[in-house]
Amino acid sequence: MIERKLSRRLRRAAVLVACFSVAFLICGGLFAAYLHNSHSQLLEDQVILETEEYKTRILKQLQADFQTLATLSVFIQRDTDWELLAERLNRTQEYNSFVNIVYYNQDGQGIISGQDGNVVIGAGLAELSEDGKQSIEKALAGEPSVSRLFESVISNRRIFVYSVPVYDGDEVIGALSASDHIEIFSDIFSGNTVLGGGGYIHMIDSDGNFLVRSSKTVVQEDLSTIYDGPYLSQDSKDDVREAMQNQQRIFSTFSYEGKTYPFLLEPMGFNGWYLFCVNTGEGLYAESNSSILVAQVMFTAIVIFIILLMLYGYRLLRNYNKDLLVLAYYDTLTGAENMSRFRQKLTEALTESGGSVTTFCIRQFPFLTEIFGKEKSNQLLCQMKEMIGRHIQKGEFFSRDTEDRFYLFLKETDPDTIRKRLDALIKEIEAYPLSGRTDYRLAVYCGVTLSSGGNGARAEMENMLTRVQFALDKAKEGHSSTIWFFDAELHKQEELENYIESHMHHALQDGEFLLFLQPKIHLTDGALAGAEALVRWQTGSGRMVFPNQFIPLFEQNGFCVKLDLYMVEQACRQIRSWMDRGIEPVPISVNQSKLLFFEGDYVQKLTHLLEVYRIPAHFIILEILEGLALENVDELSAKITQLQAKGFRISLDDFGSGYSSLNTLGKLQIDEVKLDKEFLMNAADQKQMRVRLIMEEIVRMAGRLGISTVAEGVETPEDEQLIRAIGCNVGQGYLYSKPISADDFDRIYMQERFKRGSSR
Ligand code: C2E
Ligand code: MG
Ligand code: MG
């Protein structure tokens, strides 16, 4: 029971700990993921924001340049003087940082103004490099454009060109074009301002070629495209290529020296150019990054700490439960299981199948402890535990109760097998040398009971433990090693005796002993000759107990003396009651036990009762058993004489049942003899002529001695016929009536006598 409760509690704690741990881990994971995500999101947003800012600045620069060209174009007309135009271009060049600024008309004739003030008038379009030419041609067709990056044939530097159409009215008359080194953006890119110094921005074209590479780079090698080297995985390359084809923004990563770097590719919106922004994880954001890391680490540490704490708590609870279990289920001296555990296991075992319970104890164990000391006796108990442990098989168990009491459950139900197994165990225990100095031999008592099935495991368990105790008590009554099996019949008797012994005094006080009367009938005329007082014990619970169940015990424990006198008093009271009511009394025979009969003041006690109830003594017949005559005939005879002198009559009960002899009749001055009911029982058998002869002889002899004869156990008319035939005077038996309560007797037999008594 306790075990189940504890393990349930433990299981609950384990589930709780596991749930909490999982919940904490999930929370921790979610929190870490949340931190990571929000940080990444924040970074991404920041990268986009800052990159777009750069993009805007670049576009603004381009726009400003376009604007310069557009403004300049306003001053150019069809008839503008080329010298004048060259000067204008030159002047414009002074305020801007263009590599060249050129003008071409629709005929492909143009002016080139260089940085150093060189002006070429009448330059042909064909002299320009292909990219520059294409840009100008687009402008001549009315579309402003920016070229790809290309190597200038003039400056031998990588430049790009942007061109605007020059209108005269609605007509495009020429194109103004300026070229710039891509490095103009380097200023923009060289600053360490992206992501608080933690990001580098490069510019690439649609093929991934670096147009402008920031002065600060993650990858230190000289690279011409972002695809160079092993830094971008194949997947990333594919994704990047696809995104760039569609001019989409893309986030991806590359690895360098074992570290992963996220980057953003932001389309510029012209020429397929892209801004390539790499997050190095350093700079300002590194701090927030590291504080997030610290938060994550701290949170993880807290979670681990809490889990450890809970595990520790769980361990403590488990150990505490274990201790509780040990306390609840184990005997501290021998380490054997205790009775609580045994009862529990026994109930479980009986639910499944039958078996037997044995209880042991050592003969005179307290004495052994006293003689050999506590330590030795404790050692013996520990050894007993070991020995029993060695003798049990799977599914069997044992326990120690208190002192030297051990209980053992064996799966066996066959008494012979049990006895054999117990013999082997007892032999081992008895061979244990308690002390080296003496050759004291131990003796073991064993009480055994078998399961009886039925009831219910719990009730059966309780019954078995009671029965085995009873069997052990019986075993102890022997003097050497004894194994005693419980005997149900014997037990019932003992149980009753215990009950009787412990209740008899109260029962007498409480009037539980009742006077029952059985009529005695004159065989000559069928008239009522008297009645025999027979005691009945009606216990508090209403159960009726018959005299053969308690009289033998009362004879042993002496209580008969009290009970018999009580019954005499009840008889006196009854006679008094008849007399008081004017009913002619009949004599009442009261059974007297040997003990009472030989009590010193027996006669006085009886006469005292007669006086108290004012009754003539001849109304009381004292029935004594013939066995009394065997011991001291003289003393008995003297007592009889004494009583007869007082007026009592004496009847010899159950004559013929024991060692009676006809001599007894001669020796004792008795008034009545009651033939034992055994006679009639045997006489019913026609072949038993001898019985009949003996009865006849007794009756004849009694008659001659002036002794009245009563036949007991008259059950049938044949019985009555027989006793009448042999000359018996009175009959008593079920044929006339069973013993009935005094009230019933009054009603059935005495009312009539009232009429007679009163008519006299
Ligand atoms: P008992 O004195 O020989 O009493 C006769 C017993 O035979 C009674 O049993 C009675 O019920 C029984 N009996 C009567 N008629 C018949 C019959 O036709 N057939 C059979 N088979 N039995 C019959 P009960 O009342 O159980 O008493 C048993 C014995 O207990 C008595 O035997 C007597 O020895 C003793 N006893 C009863 N009351 C007292 C008492 O107050 N004091 C003492 N000391 N002994 C008593
Ligand atoms: Mg009797
Ligand atoms: Mg009798």
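Position 1 is the first residue of the sequence; numbering continues from there. First listed ligand is number 1; within each ligand, the first listed atom is number 1. Values in this document were obtained by computation on a predicted structure and should not be read as measured data.
- The closest approach of Asp654 to the Mg ion (ligand 3), by N/O/S atoms, is made by OD1.
- Between Leu665 and Phe655 there is a side-chain heavy-atom pair separated by less than 4.5 Å.
- Looking at atom 21 (N) of ligand 1, its nearest protein heavy atom turns out to be Glu715 OE2, 3.1 Å.
- The name of the N, O or S atom in Asp653 nearest to the Mg ion (ligand 3) is OD1.
- No side-chain N or O of Thr417 forms a donor-acceptor pair with one of Arg421 less than 3.5 Å apart.
- Judged by the 6.0 Å distance and 45° axis criteria, Lys646 is not positioned over the aromatic ring of Phe648.
- Ion pairing between Arg576 and Asp580 holds under the 4.0 Å rule for side-chain N and carboxylate O.
- Here is the list of ligand 1 atoms found below 4.0 Å of a heavy atom in Asp654: 3 (O).
- Note on Glu697 versus Arg692: no salt bridge recorded, every NZ/NE/NH1/NH2 to OD/OE distance being 4.0 Å or above.
- Residue contacts with ligand 1 for Val590 are absent, since no atom lies close enough (heavy atoms, distance under 4.0 Å).
- Distances from the Mg ion (ligand 3) to each N, O or S atom of Glu712 single out OE2 as the nearest.
- Nearest protein heavy-atom contact of atom 18 (O) of ligand 1 is Tyr734 N, 2.8 Å.
- The one candidate from Phe559, Tyr566, Phe554, Phe513 that meets the ring pair (Phe, Tyr, Trp, His ring centres under 6.0 Å) condition with His505 is Phe559.
- Among protein heavy atoms, the minimum distance from atom 7 (O) of ligand 1 is reached at Lys677 NZ, 2.8 Å.
- You'll find the ring centres of Tyr602 and Phe597 inside the 6.0 Å limit.
- Looking at Lys738 against ligand 1, nothing comes within 4.0 Å, counting heavy atoms.
- The nearest heavy-atom contact from the protein to atom 34 (O) of ligand 1 is Asn591 OD1, 4.2 Å.
- Contact annotation: for Arg536 versus ligand 1, heavy atoms closer than 4.0 Å belong to the side chain alone.
- Glu532 contributes OE2 as its N, O or S atom closest to the Mg ion (ligand 2).
- Under 2.8 Å from the Mg ion (ligand 2) lies an N/O/S atom of Asn591, whether from backbone or side chain.
- Side-chain polar atoms of Gln518 and Gln732 form a donor-acceptor pair below 3.5 angstrom.
- Contacts between Ile551 and ligand 1 below 4.0 angstrom, taking non-hydrogen atoms only, involve the side chain exclusively.
- Using a 4.0 Å cut-off between a side-chain N of Lys or Arg and a carboxylate O of Asp or Glu, Lys411 and Glu396 do not qualify as a salt bridge.
- Those atoms of ligand 1 that come under 4.0 Å of a heavy atom in Glu623, given as number and element, are 2 (O).
- From the protein, the heavy atom lying nearest to atom 44 (N) of ligand 1 is Asp564 OD1, 3.0 Å.
- Contact analysis puts Met681 in contact with ligand 1, with a non-hydrogen atom separation below 4.0 angstrom.
- For the Mg ion (ligand 2), the N/O/S atoms of Glu623 include one lying under 2.8 Å.
- Of the inter-residue distances, the one linking Leu514 atom CG with Arg536 atom CZ reads 9.5 Å to the nearest 0.5 angstrom.
- Minimum interatomic distance between Ala711 and Ile723 (heavy atoms only, all atoms of both residues): CB-CG2, 3.5 Å.
- Regarding atom 38 (N) of ligand 1, its nearest protein heavy-atom neighbour is Val535 N, 3.3 Å.
- Residue contact check for ligand 1: Glu532 places a non-hydrogen atom closer than 4.0 Å to it.
- Here Glu712 has side-chain heavy atoms under 4.0 Å from ligand 1, and that is the only part of it that gets that close.
- With atom 35 (C) of ligand 1 as the reference point, the heavy atom nearest to it among Pro552, Gly733, Pro547, Ala533 is part of Pro547.
- For Cys361 against Arg405, the heavy-atom pair with the smallest separation is CB-CD, 3.7 Å.
- A donor and an acceptor atom, one from each side chain of Ser399 and Asn338, are nowhere located under 3.5 Å apart.
- In this structure, atom 1 (P) of ligand 1 lies nearest to the protein heavy atom Asp653 OD2, 3.7 Å.
- In this structure, the side chains of Phe409 and Ser356 stay at 4.5 Å or more apart for every pair of heavy atoms.
- Counting only heavy atoms of the protein, atom 11 (O) of ligand 1 lies nearest to Pro739 CG, 3.3 Å.
- Under 4.0 Å from ligand 1, not a single heavy atom of Asn548 appears.
- Looking at Lys639 and Glu635, no side-chain N of the basic residue comes within less than 4.0 Å of a carboxylate O on the acidic one, giving no salt bridge.
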